[in-house]
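Below is one structure, written out as structure tokens; comments come after it.
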Amino acid sequence: MNVDVLENLMTMVSELVLTRNQLLQILRSNAESEFTTPLQRLNHVVSDLQEGVMKTRMQPIGNAWQKLPRIIRDLSMELGKKIDLDMRGADTELDRQVLEMIKDPLTHMVRNSGDHGIEKPADRVKAGKPETGRIMLEAFHEGGHILIKISDDGKGLALEKIKQKILSNGLATQEELQGMSVQQIQQYIFKAGFSTAEKVTSVSGRGVGMDVVRTNIEKIGGSIEMNSVEGKGSVFTIKIPLTLAIVSALIVEAAGERFAIPQLSVRELVMISTQGDNRIEYVHNAPVFRLRERLLPLISLGDVLKLREESDADQGLITRGYIVVTQVGSFEFGIIVDKVFDTEEIVVKPVSKLLQGLSLFSGNTILGDGSVIMILDPNGIAETTGTLAEADREESEQAGNIPDSHKKTSLLLFRAADSAPKAVPLALVARLENVRLDKIERSGGQMMVQYRDTLMPLIPYHESMEIGSTGEKPVLVFAERNRSLGLIVDQIIDITEQYVDIQISASRPGLLGSAIINGKATDVMDLAYFLASIDKDWFKDHGDEDFVTAADLSNKNRRRSILLIDDSLFFRNMLTPLLSVAGYDVTTLESPLQALKLCEDGAHFDVIISDIEMPEMDGFEFAQRVRDNSRWQNVPMVALSSHATPQDIDRGRKVGFNDYVAKFDRDTLLNSLSETVANARMAERASKATARG
Amino acid sequence: MKAENAHQTSKTLEYLTILIDDQKFGIPVLQIQDVLREQKVTRIPLASPEVAGSLNLRGRIVTAIDVRKRLNVKIDPSKRSMSVVVEYNQELYSLIIDKVGDVLSLDQNRIEKNPGTLDSKWRDISDGVCQLDSELLIIMDVPRLLDSIQARAS
């Protein structure tokens, strides 16, 4: 059956639902109406009709699982594990749109279970478990929702490691942790801050990318929970709605205009008063609210929508109204509104093309009383505050947006020696580690630690730092090839993206200077100083490449630019941090068509990574077009695909890809990238040499 | 009206005349879905100034565009406005104007090119000028009008 016809039918039924709601609302105001009985019947018929039409949009979830057995098979061969994948309830049906959105997160999670959950056969036998690990994927209906469970009988989550990470990332204090249940602590792996640091850690765990998974699932109004018993295995439970077409929304009013806020992102409502606990306070003109000991940033809806005259806004102090406590990802904030009405079931309709530039609205709808109302997008509102998880920010970056020369730099913030925050460009940091102090060995005044089967020299950030002999300290690992250097610090604070503008030049060796970061004076570290303080040959005896130093930051030629093309937002979010940590400037695009346009526009990249399976034009065709006759015909290209059979690889090479990498294989991807870039450079040099000769 | 139109030769088209700041405009009748009196609209914050808001027309959401703001003419608040509803790219737009006049049949040959001296804001949405007995009629290019607003919004 034609999909368009169905879509159309669906829209009309949604309209019918709206009209029914309208009628029911009128009926409510005059109870003794002769219309009561026929309207009740209409109500039932419409509900049945809605259900019936919804069914036609349904697809079995098994469609999203098709590739999983192969992924697990490849994985078990690659890692030398034995894994059984058991899939149940593949015929459970859900909305096509929802299916599309959960496909990638599901794949990632199953892969994660195999990679990090299931142990090697020998370890399993030692733990008294059967040699073959088991991953079970289950889907079933439950009260208007679909539940998907991914369980494995692997090693589970190491609670202690999570606790340490929570502490070292400053997400909670020791006391808070003691008051938490095991379950509560485990949920931290979904926090954005948690996995941000995780992305540069080698202690690989379930946390990698889990915040991205959670964001994706929450975007469609679902939720994810996990339960894990150390040594026994983990269970992830995803709960998602059957459909996205009808949502429940809270109707609010600001400056005389009504707006709808999707109920999903509303946590609670607070009434504002002039006195006592429910008072709004100000931190230098910025309104805040104390919500159970936490400081909630507030946004006045009237102000962000510019509904108030400037002079009104100046009058400042807000004494009446309500705070809608809203959550976007892990970021909580309050929206100040004047009035709060009922919640209503609404059909979200896209806004007119004329209004699509407005990021504060996700759609519009017709209410029961017949009036049109704009639906607010909490993501868009949160963005106006400038504090959002990185993943969200990247998403909002328009395709084709080439970073200009004055670019933001990702900085890792940490504390060491004194209380002032310090910063180092994240691109220079290879990993974050916690080093046990009793493992530190000293030889000839140099601290060393055994790290990945080699000795890694350690230096404290400052001589005055006291390095004890028990406990752990965070260490920033700087690496080039297989040599590393560890810098001992006291605490990792955060990762932030900033324009670095060094305002005060260095007064002390070891510093490049000071910059204002997040409103605080921050010391920007000079890595070269620390490198010089250890044996100079440490990094030099390996190849002709010099170690990247902070001074190279200004030298744009050193940071390789990468173009990443993948139709899945999920993978774009997943790979971008990985690649930027590896020292690349990443530009992401959704489709090869956009890329070809960018090529015509004269953009330049050092290497191109392209997905293979994409809707408008697949990766093979894209490579062919690039190789055929374009400005990029000599730019190295790496293919990225979820199935990498020898035939695929062969075809990839034929159409012009320099390398072909499986989508989930980070290390190979990074190795392949640096090799590809290096080879291309050598070829370039060689050709120049020939030209000269 | 439609039945009548089918008998017309290809050279004549019917235009609904509308009035903006005492200037007559013509819109091809076939593009028009509806004519409305002044309606209550829902304001859309942060949208371009000529977007007056949105309204519900028999269950469909219509974006209201104040053509007078687009053309930069005076708006007399004491007089009630009217609007004509057009469909473009499967979306409905209500064009707010001062008044709706009658329907004219115009021979296409009578429509001349825009005079070169026309204000650029006006030239953007004008598809030509037709000499009537006592006045001039500007043919309004609705798709271009809407495109120009969208281009500025994004």
Side-chain angles (χ1 to χ4, degrees), chain A residues 4 7-8 11-23 251 253-260 300-309 346-361 363-377 380-381 384 398, chain B residues 31 33-34 36-71 83-96 124-125 140-154:
Chain A
D4 283 347
E7 279 307 301
N8 225 335
T11 326
M12 286 196 296
V13 170
S14 302
E15 297 297 341
L16 200 56
V17 171
L18 285 180
T19 319
R20 176 206 55 190
N21 290 353
Q22 226 166 312
L23 284 172
I251 313 295
E253 187 184 288
E257 303 284 333
R258 289 192 297 171
F259 298 94
S300 159
L301 191 56
D303 288 346
V304 285
L305 295 178
K306 303 210 166 61
L307 285 169
R308 266 182 259 274
E309 301 288 317
I346 56 172
V347 179
V348 181
K349 299 170 171 225
V351 292
S352 154
K353 289 204 185 66
L354 282 187
L355 306 170
Q356 266 162 7
L358 305 178
S359 64
L360 291 184
F361 304 113
N364 49 14
T365 194
I366 298 172
L367 288 184
D369 65 4
S371 58
V372 179
I373 190 168
M374 300 300 293
I375 303 165
L376 294 169
D377 180 0
I381 297 177
T384 64
Q398 286 292 314
Chain B
Q31 290 181 9
Q33 305 267 329
D34 225 318
L36 305 172
R37 292 178 181 283
E38 187 163 293
Q39 301 275 319
K40 192 181 164 293
V41 296
T42 303
R43 272 171 68 191
I44 303 170
L46 309 177
S48 347
E50 52 267 65
V51 175
S54 49
L55 57 115
N56 170 8
L57 182 68
R58 294 187 290 273
R60 285 187 70 180
I61 296 178
V62 181
T63 311
I65 310 286
D66 199 327
V67 185
R68 301 167 302 177
K69 283 203 177 143
R70 177 69 182 81
L71 292 177
S83 51
V84 289
V85 178
V86 294
E87 182 159 0
Y88 178 54
N89 284 346
Q90 283 123 52
E91 284 178 11
L92 290 181
Y93 297 93
S94 147
L95 307 176
I96 302 178
D124 271 356
I125 65 159
M140 191 182 281
D141 188 338
V142 176
R144 240 165 80 206
L145 164 74
L146 296 172
D147 282 343
S148 72
I149 294 173
Q150 192 185 338
R152 275 202 294 163
S154 54

Relative to chain A, which segment of B/Thr63 carries a heavy atom at a distance below 4.5 Å: side chain, backbone, both, or neither?
side chain
Please assess B/Leu146 against B/Tyr93 for the test side chain to side chain contact (heavy atoms under 4.5 Å, CB included), listing each intermediate value before the final yes or no.
CA-CA 9 Å; B/Leu146 296 172; B/Tyr93 297 93; 3.5 Å; yes
Which answer fits A/Thr19, side chain, backbone, both or neither, if we ask what part of it has an atom under 4.5 Å from a heavy atom of chain B?
neither
Sub-3.5 Å donor-acceptor pair from the side chain of A/Ser352 to the main-chain atoms of A/Leu354, do we have one?
yes
Tell me, for A/Leu305 versus chain B, whether the close heavy atoms (under 4.5 Å) come from the side chain, the backbone, both or neither.
both
Heavy-atom pair count under 4.5 Å with chain B, highest-scoring of A/Val351, A/Asn364, A/Leu360, A/Val372
A/Val372
Using heavy-atom distances under 4.5 Å, tell me whether B/Leu92 contacts chain A through its side chain, its backbone, both, or neither.
neither
Who are the salt bridge (charged side-chain N to carboxylate O under 4.0 Å, His left out) partners of B/Arg37, not counting sequence neighbours?
none
For B/Val41 versus B/Ala52, what's the shortest heavy-atom pair and its separation?
CG2-O, 3.5 Å
Note: B/Pro45 and A/Phe361 closest approach over all heavy atoms is O-CE1, 3.5 Å
